[in-house]
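Comments concern the structure below.
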Amino acid sequence: MLSNPERARVGAHPAPAADSPLLAGLNAEQRAAVTLPPEHALILAGAGSGKTRVLTTRIAWLLQTGQVSPGGVLAVTFTNKAAKEMLTRLTSMLPLNVRGMWIGTFHGLCNRFLRAHHQLAGLPQAFQILDTQDQLSAIKRLCKQHQVDEERYPPRQLQWFIAGCKEDGLRPADVPASDSQARRKVEIYQLYEDQCQREGVVDFGELMLRSYELLRDHDAVRAHYRRRFRHILIDEFQDTNRLQYAWIKLIAGLPAEQSEQAGGGAILAVGDDDQSIYAFRGARVGNMADFVREYHVQHQIKLEQNYRSHSNILDAANALISHNQGRLGKNLRTDAGAGEPVRVYEAPTDFAEAEWVVDELKQLVREGMARREIAVLYRSNAQSRVIETQLFNAGVPYRVYGGLRFFERAEIKHALAYLRLLENPRDDTSFLRVVNFPPRGIGARTLEALQDAARGLGTSLHDAVSTVPGKAGANLAAFIARLDVLREQTAGHTLREIIEQMLEASGLIEHYRGEKEGQDRIENLQELVNAAESFVMQEGFGRDAVALPVDEQGAVPSQSPASQGLDPDAPMLDEPLPSAPAVVDADTGETLSPLAAFLTHAALEAGDNQAQAGQDAVQLMTVHASKGLEFDAVFITGLEEGLFPHENALSDAGGLEEERRLMYVAITRARQRLYLSHAQTRLLHGQTRYNLRSRFLDELPEDVLKWLTPQRGGFASIAPQPIAARADWAGARGSFGSNFSAPQPSPASTGHAIRAGQQVFHVKFGEGRVLAVEGAGDDARAQVDFPRHGVKWLALAIAKLTVVE
DNA sequence: TTCAGCCCTGTTTTT
DNA sequence: CAGGGCTGAA
């Protein structure tokens with residue numbers, strides 16, 4: 001073990017200890033990955049192959065063998081959870097001060113970086129971060145102000161467009177726009193950028209992009225970090241987007257740019273192409289291949305030994321994923337036995353499906369399984385409701401992940417808006433959010449006048465208040481006066497005191513006291529005080545948090561970074577090069593007030609959503625949210641065409657493959673037991689929908705499955721279930737009860753001969769395949785997949801469909 | 001200005 | 001079915 005961190009200085013290269021206790025218990029591949037030479041490498045880590053262990057042991061190994069000092073490590077993950085996990089494991093392996101290490105999420109690290117170099121980045125030091133909600137409301141506000149036709153340019157779509165541009169590293173000027181519609185979008189993008197800049201706020205994408213540009217445009221800064229980071233480790237590399245990969249390339253330098261002199265770290269990319277499930281938000285699996293090519297990667301290690309699941313589960317996963325094209329190729333294996341078969345259940349309704357899930361999991365609990373070891377997964381959040389109801393009725397404790405998280409709740413957002421205004425009065429988004437909440441006689445008309453005035457003056461709303469005349473103006477003035485007083489009163493106070501005084505002064509508590517449903521909200525607001533308190537404890541803001549001056553003008557050639565107040569326990573630069581201009585390192589960037597730091601924390605980590613974390617509860621979450629987790633028993637529900645795979649993903653082949661990877665992720669969460677289920681009918685958007693069972697079920701090997709219900713026809717084209725509708729079908733919901741083994745009721749015909757699975761012809765769209773039919777009589781609709789025109793819903797009463805078969 | 005009620009629309013996954 | 005936005009009345 002390392003007793004003195006100083007030993008970690010580079011230069012003294014102790015002989016790598018092959019018998020290091022760190023390596024104990026690792027298999028050959030894992031060991032090879034941990035002890036790789038300091039060169040670029042790609043680890044293909046299958047699900048459950050001990051990826052996190054390898055990653056953390058690698059860091060510990062590098063530190064222990066003196067190949068790098070803590071300050072020379074950059075480790076990037078996607079989720080806060082993963083970053084925390086890495087830190088915890090690391091500190092349990094080595095006694096070490098992790099403060100100088102850069103371990104965090106892309107967004108977290110970019111934030112840290114931008115705070116330190118905020119002047120170079122053109123941002124106020126206390127810039128605030130817009131979450132998705134804030135971003136949308138900022139865009140809506142902008143659209144109103146600039147008379148954007150919200151019909152033609154829906155704000156949500158604009159948000160998607162802007163985020164997409166940023167993920168590709170494109171500023172408005174870089175976006176190709178051929179037609180007028182596209183040009184208009186780019187124009188709005190530009191306006192949005194201006195607005196954010198004016199208000200001193202950044203969105204998630206901006207954190208990344210701004211940080212990328214800063215590195216790109218400032219040679220001294222880039223050179224500094226290149227020399228600093230000798231080892232760059234990236235988790236979940238398959239989830240990186242274009243911009244993130246470009247950022248990594250800047251911070252590491254391309255091979256041609258790397259040298260003893262110029263620095264440049266060794267990149268260790270860890271990923272699994274089969275678990276790439278974030279293409280929808282810009283993730284590019286292709287980055288893996290690009291990395292291998294651009295960095296001439298010589299070391300590729302596959303981790304295929306799975307330590308998690310029984311072989312029946314793995315066989316199912318392997319078989320499923322083999323249906324995807326163009327994989328890097330990887331097969332999981334295990335030494336564990338076959339284990340239980342994968343159980344498959346077909347329910348008549350979503351309601352019955354939930355009932356079955358609850359019955360089964362109660363049985364598991366009776367057999368001694370801990371509830372927290374049981375997960376119920378679904379494709380989309382809306383599906384949780386039925387299951388929740390069932391669990392609730394059965395009195396089974398459960399916990400839902402996702403949905404509204406703590407910092408996203410309305411009352412919390414209101415409170416945060418007040419706090420943000422204390423920190424930055426120019427934050428118009430926050431201003432508008434609370435200027436009339438609780439109501440204080442400032443209505444839409446007043447605000448319109450204020451916004452006009454602000455636009456005319458080119459100032460923030462806050463600064464334009466004095467120009468509004470009359471009673472309305474007086475109300476506004478009273479509002480900002482209240483804020484100003486609060487700001488003065490709380491100066492120098494602890495975070496807790498600031499929040500408590502804000503809750504009083506804002507009138508939020510008072511307001512919710514008067515509401516009938518307000519008690520919960522008040523409790524949440526009180527919880528906010530607790531959240532702040534524990535944040536202060538964790539970050540050590542409590543006492544003598546010395547604010548170090550950050551000299552942003554950049555180069556201070558005569559001073560070494562160490563003389564600028566860097567943590568002496570964490571030497572940043574091993575032997576600073578004599579000619580190199582010293583750049584203030586982002587480690588000195590902790591000059592934020594506790595309040596500003598807390599607000600950042602709130603934006604970057606939306607927080608957990610349920611207070612009852614300690615209880616032994618069944619876990620409910622989307623498949624996406626389950627990534628990286630594992631459970632003894634896993635239920636994957638709603639395995640239906642249109643739901644999983646989701647209908648929006650069916651239009652292109654890439655979408656389907658991503659859905660399949662999603663299913664692969666879901667399957668590989670299970671250690672011992674895996675349950676799959678689908679329902680014939682499901683209540684969605686208040687309508688009963690009839691779904692075929694998911695094609696993914698048919699892609700699993702029969703011999704690992706155990707059908708709990710009699711099997712009927714296969715997917716779509718093979719003997720499709722006669723699917724038609726009867727108006728009172730919904731009324732029959734639940735009456736099937738346990739009657740699932742009975743033959744399907746054959747409801748009266750709609751009069752339309754259209755059935756799922758059929759090949760049909762449409763005058764305009766040509767030939768297509770019917771995916772589903774729903775509704776009855778004149779309302780009957782069919783979902784048809786047209787090869788040329790995509791998936792469409794057609795009203796059977798109107799559309800002329802002829803059966804081709 | 002506020003509030004209640006109506007209509008309309010959207011509706012995958014999220015750092 | 002939900003939530004947001006819009007309208008009209010108090």
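All values below were derived from every heavy atom in this structure, side-chain atoms included, with hydrogens, water molecules and symmetry-related copies excluded.
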| field | Set of residues satisfying side chain to side chain contact (heavy atoms under 4.5 Å, CB included) with respect to A:Ile480, sequence neighbours excluded | value | A:Phe431, A:His462, A:Val465
| Does A:Thr446 or A:His107 map to a spot on DNA chain B nearer the 5' end, using the closest nucleotide for each? | A:Thr446
| said: Need one value for A:Asn436: base, sugar-phosphate or nothing, where a base atom within 4.0 Å counts as base even if backbone is also close, heavy atoms only. | reply: sugar-phosphate
| remark: Reading nucleotides 4-10 of chain C from 5' to 3' and marking B where a protein heavy atom lies under 4.0 Å of the base, S where only the sugar-phosphate is that close, and - otherwise, the string is -S-----
| query | With A:Ala83, which residues qualify under side chain to side chain contact (heavy atoms under 4.5 Å, CB included), at least two apart? | reply | A:Thr77
| query | Can you name the residues that form a side chain to side chain donor-acceptor pair (under 3.5 Å) with A:Ser380, not counting sequence neighbours? | reply | A:Gln383
| said: What's A:Arg385 touching, base or sugar-phosphate or nothing? Going by heavy atoms closer than 4.0 Å. | reply: sugar-phosphate
| request: Can you sort out the partners of A:Arg141 under side chain to side chain donor-acceptor pair (under 3.5 Å), two or more places apart, ordered by chain and number? | output: A:Glu199, A:Thr429
| query | Using atom C1' of each nucleotide, how far apart are B:dT12 and C:dG5 to the nearest Å? | reply | 24 Å
Restricting both atoms to N or O, compile the protein contacts to nucleotides 3-8 of chain B shorter than 3.5 Å, with distance only.
none

| message | Could you report the tightest heavy-atom contact between A:Glu658 and A:Ala279, atom names first, then the distance? | response | OE1-CB, 2.7 Å
| task | Go through the structure and list residues passing ring pair (Phe, Tyr, Trp, His ring centres under 6.0 Å) with A:Phe644, not counting sequence neighbours. | result | A:Phe696
| task | Quick one: list whatever passes side chain to side chain contact (heavy atoms under 4.5 Å, CB included) with A:Arg156, sequence neighbours left out. | result | A:Leu136
| query | Excluding sequence neighbours, so at least two apart, what forms salt bridge (Lys or Arg N to Asp or Glu O under 4.0 Å) with A:Arg433? | reply | none
| A:Asp131: partners by side chain to side chain donor-acceptor pair (under 3.5 Å), with sequence neighbours left out | A:Lys413
| field | A:Gln451: partners by side chain to side chain donor-acceptor pair (under 3.5 Å), with sequence neighbours left out | value | none
| field | Contact state string [nucleotides 9-14 of chain B, B base, S sugar-phosphate only, - no protein heavy atom under 4.0 Å] | value | --BBBB
| field | Same-atom distance (P) from B:dT13 to C:dG4, integer angstrom | value | 16 Å
